[in-house]
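Worksheet for the structure shown next.
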Amino acid sequence: MTAAAILAAATPEAWVLAAAAGWPQLLVDHANCEKKAASTALALMFAYPEDRALTLALSRLAREELRHFEQVLRVMAGAGVAFTRERPGRYAQGLRALTRTADPGRKLDLLLCGALIEARSAERFALLVPHLPEPLARFYRDLGRSEERHFELYLGFAQAAAPGEWQSRLTALAAHEAQLATAPDGALRFHSGPPA
């Protein structure tokens with residue numbers, strides 16, 4: 001299954017054009033996203049230490065996400081873009097609001113949300129590449145391949161955690177994720193909708 005196959009809607013062209021035009025601003029959010037992705041992997045490791053396979057995979061994933069964070073910071077430094085901390089956007093808050101708070105549903109939802117976020121990232125990297133200057137385009141092309149692997153990792157663990165439920169739950173979460181990623185948004189973010 002490809003990353004695009006689990007997304008219920010494609011990214012609007014208006015987002016792609018706005019993000020390509022505002023790539024310095026997008027880099028700031030991208031750096032914050034990489035840091036958050038590492039944090040999410042670590043949080044899951046602490047939440048489910050008894051799942052040895054998951055813990056080992058997430059340990060590697062967290063290190064890779066932190067390397068990506070460092071790479072984005074280097075790109076920003078080279079482009080003269082300053083790093084600033086950002087508040088969580090509508091997208092992350094919207095997905096979190098749907099996540100069940102008790103297990104066993106919570107684990108499945110966290111894994112599926114991870115898969116959806118990584119799938120959306122992979123899709124957007126691919127859409128942005130033709131519109132960006134080098135070497136940023138090449139950097140995003142490489143990152144897109146990483147996001148595909150991350151999506152597969154999260155989805156694989158979700159399938160193993162709930163073989164009878166993952167597909168129906170993915171359908172429900174993907175519909176909400178699609179709405180968050182396509183509805184007009186007040187701020188341009190890597191996972192926002194197009195500018196309002």
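Only a predicted model underlies this, so the values are computations on that prediction, with no experimental measurement involved.
- For Thr2, the side chain to side chain contact (heavy atoms under 4.5 Å, CB included) test picks out Ala4, Ala5, with sequence neighbours left out.
- A salt bridge links Glu64 with Arg149: at least one charged nitrogen is closer than 4.0 Å to a carboxylate oxygen.
- Rounding to the nearest 0.5 Å places CZ of Arg96 at 6.5 Å from CD of Gln93.
- For Arg169, the salt bridge (charged side-chain N to carboxylate O under 4.0 Å, His left out) partners at least two apart in sequence or on another chain are Asp109.
- The heavy-atom pair separating Leu128 from Ala20 by the smallest distance is CD2-N, 3.9 Å.
- Legend: residues meeting side chain to side chain contact (heavy atoms under 4.5 Å, CB included) with Glu13, ordered by chain and number and at least two apart, are Leu17.
- One N or O on the side chain of Thr40 and one on the backbone of Lys36 form a donor-acceptor pair closer than 3.5 Å.
- Within the 4.5 Å cutoff, no side-chain heavy atoms of Tyr154 are placed close to those of Leu110.
- Within the structure, no pair that satisfies the side chain to side chain donor-acceptor pair (under 3.5 Å) test touches residues 71-89, not counting sequence neighbours.
- Take Arg106 and apply the salt bridge (charged side-chain N to carboxylate O under 4.0 Å, His left out) test, not counting sequence neighbours, and it matches no residue.
- Among residues two or more places apart in sequence or in another chain, the side chain to side chain contact (heavy atoms under 4.5 Å, CB included) test is passed with Val75 by Leu27, Leu136, Phe139.
- Looking only at side-chain heavy atoms (C-beta outward), Thr11 and Arg120 come within less than 4.5 Å of each other.
- Here the side chains of Leu112 and Leu155 are in contact, with some heavy-atom distance below 4.5 Å.
- Between Ala31 and Phe83, the shortest heavy-atom distance links the atoms CB-CE1, 3.7 Å.
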Would you give me the side-chain donor-acceptor pairs under 3.5 Å for residues 53-62, sequence neighbours excluded?
| unit_1 | atom_1 | unit_2 | atom_2 | d |
| --- | --- | --- | --- | --- |
| Thr55 | OG1 | Tyr48 | O | 3.4 |
| Thr55 | OG1 | Asp51 | O | 3.0 |
| Ser59 | OG | Arg63 | NH1 | 2.9 |

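- Closest heavy-atom contact between Arg90 and Gly193: NH2-N, 3.7 Å.
- In terms of the salt bridge (charged side-chain N to carboxylate O under 4.0 Å, His left out) criterion, Asp103 has no residue partners (sequence neighbours excluded).
- Atoms CD and OG, from Glu148 and Ser121 in turn, are 10.5 Å apart once rounded to the nearest 0.5 Å.
- The structure places CG of Leu143 at 15.5 Å from CZ of Arg124, a figure rounded to the nearest 0.5 Å.
- With respect to Arg67 and Glu70, no salt bridge is recorded, no charged nitrogen being found less than 4.0 Å from a carboxylate O.
- Atom CD1 in Ile117 sits 6.5 Å away from atom NE2 in His191 (nearest 0.5 Å).
- Between the CG atom of Leu170 and the CD atom of Glu177 there is a distance of 10.0 Å, given to the nearest 0.5 Å.
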What pairs of donor and acceptor atoms, side-chain ones from residues 158-167 against any protein atom, are under 3.5 angstrom apart with sequence neighbours left out?
| unit_1 | atom_1 | unit_2 | atom_2 | d |
| --- | --- | --- | --- | --- |
| Glu165 | OE2 | Arg100 | NH1 | 2.9 |
| Glu165 | OE2 | Arg100 | NH2 | 3.1 |

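- As a member of the Ile/Leu/Val/Met/Phe/Trp/Tyr network built from side-chain separations under 4.5 Å, Phe46 groups with nothing else and remains a singleton.
- You'll find the side chain of Cys113 reaches within 4.5 Å of the side chain of Thr99, heavy atoms only.
- Remark: side-chain polar atoms of Thr182 are paired, donor with acceptor, to backbone N or O of Ala178 under 3.5 angstrom.
- Once rounded to the nearest 0.5 Å, the distance linking CH2 of Trp15 with OG of Ser192 reads 7.0 Å.
- A salt bridge (charged side-chain N to carboxylate O under 4.0 Å, His left out) check over residues 17-34, counting only residues at least two apart or in different chains, returns the pairs Asp29-Arg189.
- For residues 20-43, the pairs satisfying ring-ring contact (aromatic ring centres under 6.0 Å, His included) are His30-Phe125, His30-Tyr140, His30-Phe190, with sequence neighbours left out.
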